[in-house]
Amino acid sequence: MKSIATILKGTVPALAIFATVQCTSTSGVSAADEKTFIVGPQTADCTGVAPMKCLQVKEKPTDNWSNFYTNIEGFTYEPGYEYVIKVKTEKVENLPADASSIKYTLIKQVSKTKK
């Protein structure tokens, strides 16, 4: 019986540490899966499968605006505001030919500034 008690004394703390490490606040998102976007105050005419309006997005303040052809899940855009947002990116498997190969999901809206 002493050997089982000895094993449990070593195993229980190890399991507790393992469980704590697995429950981190980043929810399994690594830095490689996160991007910060600056979203412009106006959309632009663009053409995907059909004519549409695209968000204007850049990753650094010094970059030029570029058309963003897909949506960002959880993000609600309001014209007239410039946003800084953090998004999670995920590769999408088995998608239609006209769809983005990356899914974007809002992690956090860092700022929203009237422009």
* To do: Answer yes or no: is there a donor N or O on one side and an acceptor on the other, between the side chain of Y69 and the main chain of M52, under 3.5 Å?
  => no

* Asked: Is atom CD of Q42 surrounded by more than 12 heavy atoms (other residues, nucleotides or ligands) closer than 6.0 Å?
  ->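 12 or below, so no.
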
Under 4.0 Å between a Lys/Arg side-chain N and an Asp/Glu carboxylate O for [X] and [Y]?
X   : Y    : result
K88 : E34  : no
E78 : K112 : yes
K91 : E93  : no

Side chain to side chain, [X] and [Y], heavy atoms closer than 4.5 Å:
X    : Y   : value
Q56  : V39 : no
E59  : K35 : yes
T36  : V84 : yes
Y104 : N71 : no

So, taking the atom named [atom1] in [X] and the one named [atom2] in [Y], what distance separates them when rounded to the nearest 0.5 Å?
X    : Y    : atom1 : atom2 : answer
E82  : K115 : CD    : NZ    : 4.5 Å
K60  : I38  : NZ    : CD1   : 10.5 Å
E90  : T105 : CD    : OG1   : 5.0 Å
I85  : L55  : CD1   : CG    : 8.0 Å
Q109 : Y81  : CD    : OH    : 10.5 Å

* Identify whether F75 and I102 are in the same connected component of the hydrophobic contact network (ILVMFWY, side-chain heavy atoms under 4.5 Å). =>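 Hydrophobic grouping puts F75 with I102.
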
What heavy-atom pair brings [X] and [Y] nearest, and what distance separates the two atoms?
X   : Y   : answer
V87 : F37 : CG2-CE1, 3.6 Å
C46 : N67 : CB-ND2, 3.6 Å
F68 : I72 : CE2-CG1, 3.5 Å

* To do: Just say parallel, tilted or perpendicular for the rings of Y83 and Y77, cut-offs at 30° and 60°.
  =>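 Ring orientation, 0 to 90° scale: tilted.
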
